[in-house]
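Before any comments, here is the structure.
Every value quoted in this text rests on a predicted model; they were computed, and no experiment measured them. What's counted below: heavy atoms across the whole structure, side chains too, no hydrogens, waters or symmetry copies.
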Amino acid sequence: MQRQRDQRHTAAVPAPARTGRVLIREGRPFPLGATWDGLGVNFALFSANATRVELCLFDDAGETELERIELPEYTDEVWHGYLPSARPGTVYGYRVHGPYEPDSGHRFNPNKLLLDPYAKQLVGRLTWGEELYGYSIGSPDMDLSFDDRDSARLMPKCRVVDPAFTWGDIGRPGVSWDRTILYEMHVKGFTRLHPHVPEEQRGTFAALTNRSITRYLRHLGVTSAELLPIHAFIDDAYLVEKGLRNYWGYNSIGFFAPEPRYLFSNSVNEFKEMVNQFHAAGLEVILDVVYNHTAEGNELGPTLSFKGIDNASYYRLMPDSPRHYINDTGTGNTVNLSHQRVLQMVADSLRYWAQDMRVDGFRFDLATILAREPYGFDEGGGFLDACRQDPVLSSVKLIAEPWDIGPGGYQVGQFPPGWAEWNDKFRDAVRAYWKGDSGMLPEFSARIAGSGDLFNKRGRRPWASVNFVTAHDGFTLADVVSYNDKHNEANSEGNRDGHSNNHSWNHGVEGPTDDPEIIALRERQKRNMLATLLLSQGTPMLLAGDEFGHSQQGNNNAYAQDNELTWLDWQKIGPEGRALTEFVRKLIAIRQAYPILHRGRFLGTEYNEELDVKDLVWMSPNGEEMTREQWDDGNGKCFGLVLDGRAQPTGIKRRGSDATLLIITNAHYDLVEFTLPSAPEGDHWVCLIDTNLQDPDLDAKYPVGSVYGVTGRSLLLFVLDRDVKRGKATRAGISALLDVAEHPFADWDQEGA
């Protein structure tokens with residue numbers, strides 16, 4: 001009965017006007033997708049439960065359906081055919097026939113035009129309408145009903161691409177993990193208001209090829225641009241109804257296609273050109289990728305691709321009610337990576353971006369879901385094993401966001417060797433410490449020392465901890481020091497969305513203020529947190545705009561704000577913003593100059609008996625090593641740490657790696673007299689960073705054992721003068737790194753800067 005029903009609805013699909021007889025051959029079941037071989041195009045689509053698949057050809061604009069061709073062969077659950085008449089630029093989609101049995105997990109509806117999961121480029125944009133849904137909206141038990149209206153006019157279409165591209169002799173930067181400094185940025189938000197980018201290119205990949213962009217990133221000192229999602233995504237219907245858009249892009253519908261709104265040209269080669277320009281500048285490109293869910297939502301969501309191709313294979317469904325979806329993502333559905341073909345699709349996507357598009361790594365949104373099998377999280381599960389054994393994926397940077405809302409969803413420190421992980425414990429500890437919370441010394445010290453309690457196992461290294469104070473999700477740094485509470489009214493959700501526990505502090509006034517004392521304290525707190533981030537062990541990640549004080553006016557969930565609230569306004573960067581940018585640049589230069597600040601091994605494990613030095617010593621303000629009682633003192637808010645590179649084994653030393661540094665942090669509101677500790681082979685300390693001073697005097701020397709007045713709420717970095725004299729990281733070299741002769745804004749017009 002159900003098959004008859006399906007055939008009846010199939011017959012109701014309106015056929016396009018034919019332009020002539022199209023000859024199609026058997027083709028091959030691999031590779032999946034639409035593949036141009038120089039003579040024609042092979043089309044291959046996986047569906048284990050379909051009964052028939054039609055390839056639909058459209059005009060160049062994707063507006064008129066020209067032909068509908070049944071794929072002639074079915075091999076190993078793959079429908080395939082070879083079309084000699086197809087060429088790069090051919091616009092297509094699919095109609096997939098099969099049972100419409102929601103109670104059994106099947107939602108085939110050939111009236112709905114479907115995107116190829118392997119499409120390399122999309123044409124047009126989705127227009128919301130009732131025709132997009134496989135069921136009849138408004139009918140009883142809606143998702144059990146069947147809608148026979150055609151959705152093609154509302155759908156984007158797929159375009160066949162020619163993969164040819166001349167890369168030249170530019171290689172990958174190959175930045176080692178221990179020297180990596182991530183910079184999280186948004187393609188549009190970073191360039192939409194940039195004065196040096198041609199206005200018509202702003203907000204696109206073409207904008208990122210502008211020399212002013214790569215020059216700024218190089219001179220700032222970051223090594224790796226982590227782009228928020230650039231896979232093709234959809235603006236949610238409820239956002240469109242409110243006049244908003246999905247700005248962040250965590251709503252993927254195509255894992256191989258770049259988002260069309262980021263293409264200035266009509267070619268995916270624009271993305272390749274951007275990558276090539278970044279590589280030429282020595283910068284890596286990391287993609288934030290979303291494989292945990294799709295834009296099709298739950299049983300009441302639209303039918304755009306996977307749901308209509310093979311719902312029961314692509315999604316995790318409730319075992320006792322396949323009509324409904326497992327929702328570990330909070331977005332309505334969860335991609336089923338336990339299925340071999342779905343896992344293959346994700347692995348193929350990653351290899352495509354790593355090989356064909358030459359990106360240098362990936363940050364995985366809600367990565368715990370990818371490692372979850374039906375029985376729970378498994379660091380030896382299919383996806384993680386696939387990445388580990390793959391010769392391509394195992395050689396690029398892999399970064400996990402190690403949490404989701406599903407069972408056992410928080411897995412920080414539990415991913416296997418070879419992976420780095422976002423460390424939200426670092427974020428919370430740093431914010432709480434500088435806010436002045438009591439009892440933070442043990443937690444704060446663990447985080448700035450590399451979070452060995454989480455990552456020091458199985459040969460993992462400190463770089464596995466991706467440290468951040470801010471990210472796209474949450475307050476910007478300027479807002480962390482300016483707001484006690486979130487202010488998300490612009491999202492039209494009654495300020496109910498977003499996190500409420502931000503560990504933020506407004507310093508006496510909520511939002512902007514003219515009070516010079518509050519402004520000065522906020523600026524110092526920004527410097528404190530930035531210095532903590534860039535002087536800590538692990539891999540630092542900086543949020544674009546934090547280096548010059550970009551604010552989102554207290555919105556800590558700006559996912560739908562594609563406007564001036566989130567776009568970086570380069571022309572409004574004032575003196576304070578420029579000074580903060582220079583401060584960040586100094587920190588990065590110092591971090592890279594002293595290997596002890598980005599050490600490949602966890603601190604607290606090395607001791608040089610001959611010199612009687614340990615690689616890490618925690619110091620109290622009296623200049624002595626911290627006692628247990630001092631650690632347990634909940635009111636303690638000031639301490640220091642001596643990092644001594646001479647404790648390392650001789651065989652692993654690099655130039656400057658045997659330097660001795662002293663970091664002092666004071667979260668107390670008042671000045672603390674700190675006795676500078678003694679150190680072998682050193683007579684004086686030189687101050688490189690004091691967050692209370694714009695530019696410490698590099699020629700000033702402070703004798704060991706002398707007392708230094710540490711300003712309330714400030715951070716200091718000292719180096720022994722022997723390391724200046726002996727050229728391990730010479731004062732002249734440091735000064736050259738810190739000079740502003742060619743700072744990031746050097747070529748900007750004063751009026752426009």
Side-chain angles (χ1 to χ4, degrees), residues 46 48 105 117 229 231 250-253 255 287-299 301 305-307 310-351 361-390 393-394 397-425 454-455 457-458 460 464-466 473:
F46 158 74
H231 287 173
Y250 290 94
N251 203 27
S252 299
I253 195 60
F255 298 128
L287 297 187
D288 193 335
V289 290
V290 187
Y291 295 109
N292 56 78
H293 74 280
T294 77
E296 292 186 301
N298 62 15
E299 62 275 6
S305 180
F306 313 94
K307 186 180 290 185
D310 194 348
N311 185 67
S313 295
Y314 279 106
Y315 293 114
R316 294 192 189 275
L317 307 178
M318 298 296 292
D320 56 348
S321 180
R323 170 185 173 185
H324 301 103
Y325 295 75
I326 292 175
N327 185 22
D328 289 342
T329 65
T331 61
N333 65 54
T334 304
V335 174
N336 181 20
L337 266 75
S338 295
H339 192 288
Q340 291 179 339
R341 285 292 190 179
V342 181
L343 176 60
Q344 176 192 356
M345 176 189 69
V346 172
D348 286 348
S349 169
L350 291 169
R351 278 191 296 271
F362 306 93
R363 179 266 187 188
F364 295 85
D365 178 62
L366 302 182
T368 303
I369 289 174
L370 308 181
R372 181 179 288 116
E373 300 294 349
Y375 51 82
F377 176 84
D378 183 358
E379 67 96 359
F383 171 72
L384 295 182
D385 280 352
C387 292
R388 187 181 306 172
Q389 60 79 36
D390 189 284
L393 302 184
S394 61
K397 288 184 166 74
L398 301 176
I399 306 169
E401 181 187 38
W403 51 75
D404 64 37
I405 65 171
Y410 190 78
Q411 296 291 338
V412 174
Q414 300 306 311
F415 276 70
W419 281 76
E421 304 175 38
W422 272 27
N423 186 355
D424 63 329
K425 290 182 180 293
L454 301 173
F455 298 101
K457 54 189 174 184
R458 303 178 65 189
R460 301 185 76 181
S465 175
V466 175
D473 187 0

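- Going from atom CZ of F364 over to atom SG of C387 covers 5.0 Å, rounded to the nearest 0.5 Å.
- Closest approach of P229 and V290 over heavy atoms only: CG-CG2, 4.0 Å.
- Using a distance-only test at 3.5 Å, with no hydrogens or angles considered, no donor-acceptor pair links the side chain of E373 to the main chain of S338.
- Using a cut-off of 4.0 Å between Lys/Arg side-chain N and Asp/Glu carboxylate O, D404 and R372 are scored as salt-bridged.
- Atom-to-atom distance recorded for W403:CH2 and D424:CG is 4.0 Å, nearest 0.5 angstrom.
- Y314 and N333 are not linked by any side-chain donor-acceptor pair at a separation below 3.5 angstrom, with hydrogens and angles left out of the test.
- Not one N or O on the side chain of E421 forms a donor-acceptor pair closer than 3.5 Å with the backbone of P402.
- One finds no salt bridge joining D390 and R388 here, because no Lys/Arg side-chain nitrogen approaches an Asp/Glu carboxylate oxygen to under 4.0 Å.
- Between atom CG of residue L343 and atom CZ of residue F383 there is a gap of 8.0 Å, rounded to the nearest 0.5 Å.
- No donor-acceptor pair under 3.5 Å is formed between the side chain of K425 and the backbone N or O of V412.
- Applying the side-chain contact (heavy atoms from CB on, under 4.5 Å) test between T368 and each of Q414, Q411, E401 identifies Q411 as the sole match.
- Nearest heavy-atom pair, A347 versus L393, reported as atom, atom and distance to 0.1 Å: O-CD1, 4.4 Å.
- Judged purely by atom type and a 3.5 angstrom limit, K457 uses its side chain to pair as donor or acceptor with the backbone of G413.
- In this structure, the side chains of N327 and N298 stay at 4.5 Å or more apart for every pair of heavy atoms.
- In this structure, the ring of F415 has its center less than 6.0 angstrom from the ring center of F377.
- The minimum heavy-atom distance between D310 and A48, with the atom names listed, is OD2-N, 2.7 Å.
- Contact of the V289 side chain with the H231 side chain is registered, since non-hydrogen atoms from C-beta on lie closer than 4.5 Å.
- Here I326 contributes atom CD1 and N336 contributes atom CG; the two are 8.0 Å apart, rounded to the nearest 0.5 Å.
- Across R351 and D348, no two heavy atoms sit closer than the pair NH2-OD1, 2.6 Å.
- The shortest heavy-atom contact between L384 and P416 is CD1-CD, 3.7 Å.
- Here the straight-line distance linking atom CG of D328 with atom CG of L366 works out to 10.0 Å at 0.5 Å rounding.
- The aromatic ring centroids of H293 and Y325 lie 6.0 Å or more from each other.
- Relative ring orientation between F306 and Y315 is described as perpendicular, the plane-to-plane angle rising above 60° on a 0-90° scale split at 30° and 60°.
- The side-chain heavy atoms of H339 and F46, taken from C-beta on, include a pair separated by under 4.5 Å.
- For the residue pair S465/N423, the side-chain donor-acceptor check at 3.5 Å is satisfied.
- Taking the six-membered ring where the residue is Trp, Y291 and F255 present tilted rings, their angle falling between 30° and 60°.
- Taking CG from N292 and CG from L337, the interatomic distance works out to 9.5 Å, rounded to the nearest 0.5 Å.
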